[in-house]
Amino acid sequence: MKNLMSGNEAAARGAYEAGVKVCAAYPGTPSTEIFENLPQYKDALYCEWAPNEKVAAEVAYGASMAGVRSLCAMKHVGLNVAADPVFTAAYNGVGKGYVVVSADDPSMHSSQNEQDNRHYAKAAKIAMVEPSDSQECLDFMKAAYEISEQFNIPVLFRSTTRVCHSKSLVELGERHEQDFPEYKRDPRHRVCVPAFAYMNHPEVEERLRKLEEYGNTCSLNKVEMNGTKVGVVTASIAYQHAKEAFPEDTSFLKLGLTNPLPMKLIKDFASKVDKLYVIEELDPFMEEQMKAAGIECEGKNLTGLLYELNPQLVAERVFGKKPVTVDVGVKAVSRPPALCPGCPHRGFFYTIGKNKNYVVCGDIGCYTLGASAPLNAMDTSVCMGGGFSVAMGMAKAFEAAGVTDKTVFGVVGDSTFFHSGMTGAVDIAYNRGKVIPVVLDNSITGMTGHQDNPGSGETLMGDMVPGIKIEEVLKAYGYKNIYIADPQDLKAMQQAVNDAVASTEPAAIISRRPCIMIKKIKHDIGLCVVDQDKCIGCKSCLRVGCPAVFMKNGKSSIDKNLCVGCTVCAQVCPKGAITRREK
């Protein structure tokens with residue numbers, strides 16, 4: 001039976017068919033849908049949203065050592081968080097198959113960088129497979145477990161945004177249950193003390209040598225001979241682009257097992273063509289290794305180091321073939337992302353942004369948009385959990401420099417608090433940082449599509465559990481005064497900020513209101529309307545940055561199709577021209 005599936009859906013199906021038993025992940029675009037598609041198989045496997053990627057990698061690795069096939073998944077920057085256990089797992093080896101999904105994001109569609117995580121496989125000395133379409137996402141996932149067990153090695157399953165989200169036909173198979181071996185203690189390969197690691201390193205190198213030999217003949221690496229003039233070595237989505245851009249008589253070496261590279265196979269392919277290209281996105285990962293092995297080729301000097309490729313770009317950059325375009329005579333209006341109408345974060349950022357002596361260190365989430373105009377209420381955003389830690393550094397710097405007119409706030413979301421914000425909160429409390437930590441609790445992991453977190457009260461398996469109370473955690477850390485406010489009540493929000501700033505004891509703020517987009521919550525939806533006679537056109541309502549509010553004929557107007565009646569705009573109107581009514 002064939003189904004139309006995205007790469008992420010197919011990867012989930014591949015894990016199911018491979019007999020995987022334990023799965024853990026932290027949501028992150030473009031990887032999220034893999035785990036959103038696993039609960040349908042919950043009769044056969046266990047899956048969870050872990051607090052962060054490191055925990056996910058460790059949970060999955062523990063399951064592997066206990067004797068079942070396991071999976072963890074994350075976006076590319078998540079592997080930075082999970083690198084510690086993944087690198088160590090390479091030295092220890094695996095029990096049953098252990099696969100780590102890294103979903104890379106060329107062109108940074110939803111990311112703060114476009115790092116090329118293929119380098120992680122080489123640095124960690126682990127195997128890597130790269131699918132190029134949905135069928136391969138399913139097939140390569142199953143193959144990854146066979147490789148992991150055959151060579152006693154973790155496997156990095158590296159995909160990209162286009163592979164994750166593009167759809168193609170997939171032939172489904174049946175699940176193959178795996179034997180559960182008797183558990184036996186093995187400190188040599190499970191306890192990573194230096195003496196054991198010293199002895200294990202030669203085994204790592206031997207595994208890679210055998211893997212390279214395997215790659216020269218394995219079915220994941222395929223030669224497509226169509227002629228001898230031009231050959232292309234490629235992998236992942238770049239294969240699809242190159243197939244469209246190069247002439248029909250071009251020969252291809254499509255690599256699916258890309259670490260270690262099968263140099264014997266590549267040299268043999270290179271000897272059969274007059275001109276050899278390497279087509280790959282981002283870094284010259286394959287090209288540099290091939291040139292180091294004495295293989296003449298070119299690639300990045302033509303295709304470039306930045307952003308994702310497509311067939312038109314490959315054709316233009318390699319052959320100078322300009323794409324055919326049609327001038328439709330209409331220029332698209334630039335529409336930067338904005339907080340949704342009714343977003344609870346808006347009230348907090350409007351409040352905090354009014355004081356120019358406040359320094360606000362933000363984080364990764366929907367609330368990063370607090371940095372955008374007209375709110376302009378965020379000074380930094382670095383990484384998950386950095387909202388607290390970066391704030392600590394800035395506060396200590398101001399203190400060392402004798403700066404006394406700045407108040408530093410560290411801001412994270414509820415999911416980010418559990419991900420990596422708690423350690424920063426501990427640092428502030430323990431090292432007496434002059435920082436006010438703020439948790440924007442909207443009851444969900446909003447940015448990646450509403451996945452639950454430890455504070456939500458529900459697991460990925462659908463079980464209802466007690467949600468962890470953020471205020472209780474902060475209290476345990478030593479924050480004496482914790483101010484909780486509804487951010488859509490601007491007076492209450494302002495009071496909470498004022499009280500935290502005035503506090504002589506360690507203080508924290510929780511801005512708490514559920515995301516307006518949570519479907520399982522019955523929201524009080526209304527509509528704000530403008531009395532045109534009262535409106536003086538002062539534009540105060542525009543300063544809250546709500547997409548529903550706009551100016552027309554010099555007066556404020558509200559789009560009834562967007563407004564949810566949160567009343568933040570009404571609260572800032574100096575003339576009382578905006579009121580709320582039921583929708």
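- Y307 has its side chain out of reach of L313: every pair of non-hydrogen atoms, C-beta onward, lies at least 4.5 Å apart.
- When all heavy atoms are compared, the tightest approach of C164 to S6 is O-CB, 3.5 Å.
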Side-chain donor-acceptor pairs under 3.5 Å in residues 118-125, sequence neighbours left out?
residue	atom	partner	partner atom	Å
R118	NE	D116	OD1	3.0
R118	NE	D116	OD2	3.2
R118	NH1	E280	OE1	2.7
R118	NH2	D116	OD2	2.7
R118	NH2	E280	OE1	3.2
R118	NH2	E281	O	3.1
R118	NH2	D283	O	2.7
H119	NE2	D283	OD2	2.8
Y120	OH	N80	OD1	2.6
K125	NZ	E205	OE2	3.1

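- A donor-acceptor contact under 3.5 angstrom links the side chains of Y239 and E224, judged on distance only.
- C47 contributes atom SG, which lies 4.0 Å from atom CG of L460 (distance to the nearest 0.5 angstrom).
- The residues D268 and K264 are annotated as not salt-bridged, no charged nitrogen and carboxylate oxygen being separated by less than 4.0 angstrom.
- Taking both residues in full, the closest heavy atoms of S415 and N453 are given as CB-ND2, 3.6 Å, listed atom of the first, atom of the second, then distance.
- Checking side-chain atoms of N259 against main-chain N and O of I126 turns up a donor-acceptor pair under 3.5 Å.
- Between the side chains of D133 and Q135, no donor N or O sits under 3.5 Å from an acceptor N or O.
- Heavy-atom minimum distance, L211 versus A127: CD1-CB, 3.7 Å.
- For the residue pair T303 / Y277, no side-chain donor-acceptor distance below 3.5 Å is found, with atom types taken as modelled.
- One finds no salt bridge joining R13 and E9 here, because no Lys/Arg side-chain nitrogen approaches an Asp/Glu carboxylate oxygen to under 4.0 Å.
- More than 12 heavy atoms of other residues, nucleotides or ligands sit less than 6.0 Å from atom CG of D249.
- Residues V77 and E53 are not in side-chain contact: their nearest non-hydrogen atoms beyond the backbone lie 4.5 Å or more apart.
- Between D414 and N442 the shortest side-chain heavy-atom distance falls below 4.5 Å.
- More than 12 heavy atoms of other residues, nucleotides or ligands sit less than 6.0 Å from atom CE of M263.
- With no hydrogens or angles considered, a side-chain donor-acceptor pair links K75 and S111 at under 3.5 Å.
- No side-chain heavy atom of F348 sits under 4.5 Å from any side-chain heavy atom of Y367.
- Residues in residues 301-313 take part in these salt bridge (Lys or Arg N to Asp or Glu O under 4.0 Å) pairs, two or more places apart or across chains: R162-E308.
- At distances below 3.5 Å, not a single donor-acceptor pair connects side-chain atoms of E48 with backbone N or O atoms of A24.
- In this structure, the side chain of Y98 engages the main chain of A57 through a donor-acceptor pair within 3.5 Å.
- Across all their heavy atoms, P106 and T160 have their closest contact at CD-CB, 4.1 Å.
- The shortest distance between side-chain heavy atoms of T161 and T29 does not fall below 4.5 Å.
- Counting non-hydrogen atoms of neighbouring residues, nucleotides and ligands closer than 6.0 angstrom, the CD atom of E171 exceeds 12 such neighbours.
- Considering all non-hydrogen atoms of both residues, C72 and M74 come closest at SG-CE, 3.9 Å.
- Nearest heavy-atom pair, L375 versus G370, reported as atom, atom and distance to 0.1 Å: CB-O, 3.8 Å.
- Here the side chains of T88 and P85 are not in contact, with every heavy-atom distance at 4.5 Å or above.
- Annotation: side chain of S236 is in contact with side chain of R158 (closest heavy-atom distance under 4.5 Å).
- Taking CZ from R207 and CZ from F151, the interatomic distance works out to 11.5 Å, rounded to the nearest 0.5 Å.
- Counting heavy atoms from C-beta outward, M394 and V359 have side chains that approach closer than 4.5 Å.
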